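Remarks on the structure that follows.
All of these numbers come straight from a predicted model, not from anything done at the bench.
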Amino acid sequence: MLRTAFFVALLIACASAFAPAPVAFTAKHTALNAVKLPNVAPILAGAIPATLIPSLALATEGTNEWLGVDDLRLLAVLFLGHWGILSLYLNWSKDFDEEEDFFGEIDYTGRK
């Protein structure tokens with residue numbers, strides 16, 4: 001019984017740790033209100049991801065090499081293999097009509 005009461009008290013203590021603390025003072029005006037900053041936030045919001053994402057794609061995975069491949073011949077085989085499969089798919093699908101429904105002609109007019 002004592003152990004159960006202890007765990008209930010422990011659970012309540014853990015839950016109360018996530019409650020917001022009461023705030024006695026909040027600032028309505030800060031020093032940033034006095035400074036007129038240029039509106040560069042939208043520019044940076046677009047530029048920073050555009051520069052970081054390509055560098056993250058070349059992740060090293062601990063080998064200090066692109067995509068974790070330490071032999072450039074293997075990297076070339078990986079890229080050429082993917083490009084080969086892509087070229088096979090594009091040659092196979094070039095004669096298909098883009099206006100035709102790929103999944104067959106599904107009649108949605110009769111459904112209600």
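Distance check, rounded to the nearest 0.5 Å: CG of Leu2 to CZ of Phe7 gives 10.5 Å. Between Leu78 atom CG and Asp71 atom CG the span is 10.5 Å, to the nearest 0.5 Å.
The hydrophobic clustering, which links ILVMFWY residues whose side-chain heavy atoms are closer than 4.5 Å, places Trp92 and Leu90 together. Linking ILVMFWY side-chain heavy atoms closer than 4.5 Å, directly or via other members, places Val8 and Phe6 in two distinct hydrophobic clusters. Cluster membership for Leu80 and Leu72, using ILVMFWY side-chain heavy atoms within less than 4.5 angstrom, is shared. A continuous path of hydrophobic side-chain contacts links Leu74 to Trp83 [ILVMFWY only; heavy atoms under 4.5 Å].
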